[in-house]
Structures are given as structure tokens and as C-alpha cells.
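Scroll down for the structure; my scribbles are underneath it.
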Amino acid sequence: AVVMPGGYGGTKLGTYRKLRDEIVGASVAGEIERPFEDTYAYSKALNEVVWLAYEERLSRTRNAMKWLRSVATEFASQNIPMSWVSPSGQPIKLAKWTRKERKIETLIGEQLYRPTYWADTNELDPHRMRNTLPVAFVHSYEAGFLHNSLARMGADNVPINSVVPIHDCIGVHANAVTQTVRTLKD
């Protein structure tokens, strides 16, 4: 699952941090023995191997994510929210606005409070747009595929009525596996 962030617009630094945190966390919890004395160097080397495989095997995915990031940056530079329609026909709108810190003063009883909050501005945040679009786009297509698949499963000659959708997975009774696979492939 470490390569998955690449498909969602992740970065080499992000996968390194995830690997490091998982390895350190599991060794501290006693779930695994530390693979090497220097866990950080080990995580860095393992991350290099993961990214070499990612770049070699998933170059089209990586290029698609780079393209989505550049599209989001361009829309943000023009201050235009993005929108598209998922495969199941659901409209999607993406607008990540820059935020400005605001402070207010208020009295509660005799005590003066100065809370801080973040308010959206009327300008899109290029960094947030660039990081959000790949994830939102992939999830909208996964959700659309799942929605369409569930609709087809219920419309079959022998409908599959007991389905457990979890994120991008489908759980069915063992008797319905063959029919489910056929429906998903169609």
C-alpha cells in the first residue's frame, strides 16, 4: 500500500515519511523487530526502491497525476473553481480557497477572550488545489464505478441483494462471487 500515495498525487517525501512512521511505530509497539539499527536510513533506502519500482511500473499513473496537478495549478492561477461529472453522473466541484487568519474579541462573563479562526478568501489556493485534485478525481471515479456496479448488481436477472461496499471494495456472499466478478468485468 506504500505505492498507493503515488496514484493519489503523493510525493517521494510523503512515502518516505509513511514508511518511516510505520516501521518505527511497529518496532516501538513490539510488532516487528527493527530491521536495522538505523531505521531512518533503512526507510530512506526502502523508499528509493519503492520509487524506482513506481517510476518504472506506474509511469503512466505518475504522469497522469502530474498532469492533474498542473491543471489544478492553472485553474487556481486563473481563480476558476474546477468541476467535472463522475462516471455515475454526479457533479463534482472543487474549490480550495486561501484562508486568512482572523481574530475576534469577546467577553464571556467578565473574561475577555481573543479566539483565532480561519476565514476563506475569494482567491483559490494553488497549493491546496494541486494537492487535492488528484485525490478527489480518483475518488470520484472510484465512487462512480462502485455506484454503477452496485446498480447493475441489483438489476441483474438474479439480483445480488446482500452487498457490503467499503470505500473501493465490494463484499458479497460466497454464492454471489462469480456473478459479481462477471458484473464488474462488464
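From a predicted model like this one, the values you see are computed outputs, not experimental measurements. Positions are given from 1 along the sequence.
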For Arg69 and Pro134, work out which heavy atoms get closest and say how close.
CG-CG, 3.6 Å
So with a 6.0 Å cut-off around CZ of Arg152, is the heavy-atom count from everything else above 12?
yes
Looking only at heavy atoms, the pair that brings Ala76 and Pro126 closest together is CB-CA, 3.6 Å
Closest non-hydrogen atom pair between Ser43 and Ile23, with its separation
OG-CD1, 3.7 Å
Got a second to check how far Leu94's CG is from Thr132's OG1, nearest 0.5 Å?
6.0 Å
Whether the Thr15 and Asn47 side chains hold a donor-acceptor pair (N or O, under 3.5 Å, no angle test) is what I'd like checked.
yes
State the OG-NE2 distance between Ser140 and His147, to the nearest 0.5 angstrom.
13.5 Å
After noting the C-alpha distance and the side-chain angles of Lys96 and Asn131, does the key distance pass the side chain to side chain contact (heavy atoms under 4.5 Å, CB included) rule?
CA-CA 10 Å; Lys96 293 292 187 180; Asn131 288 338; over 6 Å; no
Would you say the side-chain atoms of Arg20 pair up with the backbone N or O of Thr39, donor to acceptor, closer than 3.5 Å?
no
OG1 (Thr180) and NE2 (His173) are apart, to the nearest 0.5 Å, by 11.5 Å
Side-chain donor/acceptor pairs under 3.5 Å, residues 107-115, sequence neighbours excluded:
| unit_1 | atom_1 | unit_2 | atom_2 | d |
| --- | --- | --- | --- | --- |
| Arg114 | NE | Glu105 | OE2 | 2.9 |

Going only through I, L, V, M, F, W and Y residues with side-chain contacts under 4.5 Å, is there a path from Ile80 to Trp97?
yes
Same cluster or not: Leu150 versus Val181, using hydrophobic residues (I, L, V, M, F, W, Y) connected whenever any side-chain heavy atoms lie under 4.5 Å apart?
yes
When you check the gap from the basic side-chain N to the acidic O, do Glu48 and Lys44 get nearer than 4.0 Å?
no
Determine whether Leu146 and Val172 fall in the same hydrophobic cluster, where Ile, Leu, Val, Met, Phe, Trp and Tyr are linked whenever their side-chain heavy atoms lie under 4.5 Å apart.
yes
Count I, L, V, M, F, W, Y as connected when their side-chain heavy atoms are under 4.5 Å apart, and connections chain through other members. Are Trp67 and Ile92 then in the same cluster?
yes
Taking everything shown except Glu101 itself, do over 12 heavy atoms lie less than 6.0 Å from its CD?
yes
Apply side chain to side chain contact (heavy atoms under 4.5 Å, CB included) to the pair Val50 and Tyr16, showing each step before the final yes or no.
CA-CA 9 Å; Val50 167; Tyr16 161 71; over 6 Å; no
Would you call Val71 and Met82 a side-chain contact if the rule is heavy atoms closer than 4.5 Å?
yes
As an exercise, state the distance from CG of Asn79 to CD of Glu123, rounded to the nearest 0.5 Å.
6.0 Å
Sequence neighbours left out, what passes side chain to side chain donor-acceptor pair (under 3.5 Å) with Thr183? Give chain and number order.
Asp156
Spacing of CD belonging to Glu22 relative to CD belonging to Glu31, to within rounding of 0.5 Å
9.0 Å
Evaluate the side chain to side chain contact (heavy atoms under 4.5 Å, CB included) criterion for residues Lys185 and Arg182: first the C-alpha distance (whole Å), next the side-chain angles of each, then the deciding distance (0.1 Å), finally the verdict.
CA-CA 5 Å; Lys185 285 184 176 181; Arg182 189 171 42 250; 6.0 Å; no
Group every Ile, Leu, Val, Met, Phe, Trp and Tyr by side-chain heavy-atom contacts under 4.5 Å, then state whether Val24 and Tyr42 land in the same group.
no
If you look at every heavy atom in Pro81 and Ala95, which pair is closest and at what distance?
CB-CB, 3.9 Å
To the closest 0.5 Å, what do you measure between OG (Ser77) and CZ (Arg130)?
11.0 Å
Would you check, one step at a time, whether the test side chain to side chain contact (heavy atoms under 4.5 Å, CB included) holds for Met153 with Ile170?
CA-CA 11 Å; Met153 291 165 75; Ile170 299 173; 4.2 Å; yes
Compare every heavy atom of Gly144 with every heavy atom of Ser86, then report the nearest pair and how far apart it is.
OG-CA, 4.4 Å
Is the side chain of Thr98 donor-acceptor paired with the backbone N or O of Thr121 at a distance under 3.5 Å, no angle test?
no
Residue set satisfying side chain to side chain contact (heavy atoms under 4.5 Å, CB included) with Phe137, at least two apart, ordered chain then number -> Leu68, Trp84, Leu133, Tyr141
